[in-house]
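Heads up: the structure comes next, in structure tokens.
Below, chain A is the first sequence line, B the second, and so on; all start at residue 1. Just so it is clear, the model here is predicted, and its values are computed rather than measured. We use all heavy atoms of the structure for the numbers below, so side chains are in, but hydrogens, waters and symmetry mates are not.
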Number of protein chains: 2
Amino acid sequence: MKVTKKQAQANRAHIVETASALFRERGYDGVGIADLMAAAGFTQGGFYKHFRSKADLMAESSACSIAQSAELTAGASIQEFVRAYLSREHRDNRATGCTFAALCADAARKEDEVRATFAAGIETQLGVLLGGGDLSPEAAEKARATHLAIMAQALGAIVMSRACPDDSSLADEILEACHVAIIKSLTSSEAVPDELQLNN
Amino acid sequence: MKVTKKQAQANRAHIVETASALFRERGYDGVGIADLMAAAGFTQGGFYKHFRSKADLMAESSACSIAQSAELTAGASIQEFVRAYLSREHRDNRATGCTFAALCADAARKEDEVRATFAAGIETQLGVLLGGGDLSPEAAEKARATHLAIMAQALGAIVMSRACPDDSSLADEILEACHVAIIKSLTSSEAVPDELQLNN
DNA sequence: ATTATCTATAGATCTATAGATAATGC
DNA sequence: ATTATCTATAGATCTATAGATAATGC
């Protein structure tokens, strides 16, 4: 019954991966320990040899899926990111999609441990979107604000779109409208002459 | 023990109001029937004389709070709406705040009955934001898309901000960045000359 | 000897129903 | 007689723990 230390570590990682998909799909409260362990191919009793509590796993599995998405995003232009993010494929596949869109509202009601993970994750994702550009301090601050606003808009679009019934045309309309708005904001902030820009 | 028909109707309405606050505060899965009925001043057994199921109440109480918010918004300019929506007060008071920000992600995992309520609610809120303006068909379509995008961005800002720990400066930064971005988008779509506007 | 996993279960939930109670409404 | 609310409970969850089992690791 016991397995090698290496295998135990692999089993633990597999439980974390399984959890990150199930939590995104059904929400934190929608996945029981027994459910999860069965989906990972184990029985429930073993869970607490790997994790101190369910909240611990919520934080760890979310950190894991946030890091995975960040890796996937790295190197892409903001335009590419937005196009993929605001796709119907992303909206319709919660289990492999953005952890923020799937779980921010859930996280807001959970332990500080979970929320600290989300705040750190937002910083990570923001860093990836900003890339390694060497901007002046003011330009960097402006870019940070712009990209936070884009993240919020993209996330909001997915969240609203998912709340609509499956066959809803409104769901697609939301994605489209936000895609257009984000592209427009990127174009205008680059191309509009300074004298036409609002300064706060 | 029995009460007048009028009183029974009032009790029912009170349960719906209590539910709309508790659901926004703790999520649909975070509120049990016993919890809710106790908060409303009753015992759990009476619930099913008023509602067929918990899902029924989720739909009805959410429709109720969405309609209330829409009423509150009616008459305000989009700038006033955005300022109030993106305030710390709104972020920190889920129970009385936007139903979409609090429950869209939850609703996405629930029965179609609940999601139909949300889609209808988005249309209602959108109608209020657009006001009774008499625009040309193209201008109306454009305004509809613009306002959907603003709703998504504002909602996304609140959702992201709430996922951060209580003392997080990032939480405030998100609200500020999105406020600036929305004001900017309103200004540019009004003030930027046509030849500088991107057309899709 | 240690320990990763298993079986079993405690104790606290949860939704929903059944039947009792006491007041309304005919 | 009807019915809004109450008490009580069935049956299915849920998180977490206790103790058994069987393999690793010293």
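Nucleotides of DNA chain C nearest to A:Lys2 and A:Thr43 differ in position, and the one nearer the 5' end is that of A:Lys2. Across the interface with DNA chain D, nearest-nucleotide mapping of B:Lys5 and A:Gly30 shows B:Lys5 to be the residue nearer the 5′ end. Between B:Gln44 and A:Gln44, the residue anchored nearer the 5' end of DNA chain C, judged by the nucleotide with its closest heavy atom, is A:Gln44. Take the nearest nucleotide of DNA chain D for A:Lys49 and for A:Val31: the residue whose nucleotide is more 5' is A:Val31.
Environment of CD in B:Glu71: sparse, with no more than 12 heavy atoms of neighbouring residues, nucleotides or ligands closer than 6.0 Å. With a 6.0 Å radius and a threshold of 12 heavy atoms from other residues, nucleotides or ligands, B:Gln68 has its CD atom above the threshold.
Looking at B:Asp92 and B:Arg162, no side-chain N of the basic residue comes within less than 4.0 Å of a carboxylate O on the acidic one, giving no salt bridge. Checked for salt-bridge contact, B:Glu60 and B:Arg12 meet the test: a charged N lies under 4.0 Å from a carboxylate O. The pair A:Arg109-A:Asp29 does not meet the salt-bridge criterion, since no charged nitrogen lies less than 4.0 angstrom from a carboxylate oxygen.
If you check every strand for non-hydrogen atoms under 4.0 Å, A:Asp29 touches nothing. Counting non-hydrogen atoms under 4.0 angstrom, A:Gly32 reaches the backbone sugars and phosphates but no base. Among the protein residues, A:Lys54 comes within range of the sugar-phosphate backbone only, with heavy atoms under 4.0 Å from sugar or phosphate atoms but none that close to a base. B:Tyr48 comes within 4.0 angstrom of a base, heavy atoms only.
A side-chain donor-acceptor contact under 3.5 Å links B:Asn11 and B:Gln7. Under the 3.5 Å distance criterion, with hydrogens and angles disregarded, a donor-acceptor pair is assigned to the side chains of A:Ser20 and A:Arg24. Using modelled atom types, one finds no donor on one side chain facing an acceptor on the other under 3.5 Å when comparing B:Thr73 with B:Tyr85.
A 4.0 Å heavy-atom criterion places the boundary nucleotides of DNA chain C facing chain B at C:dC14 to C:dG25, written 5' to 3'.
Although no hydrogens or angles enter the test, the distance criterion places a donor-acceptor pair under 3.5 Å between the side chain of A:Gln153 and the main chain of B:Ala149.
Where pairing requires Watson-Crick or G-U contacts shorter than 3.5 Å, the helical stems of DNA chain D with at least three consecutive pairs are C:1-24 with D:1-24.
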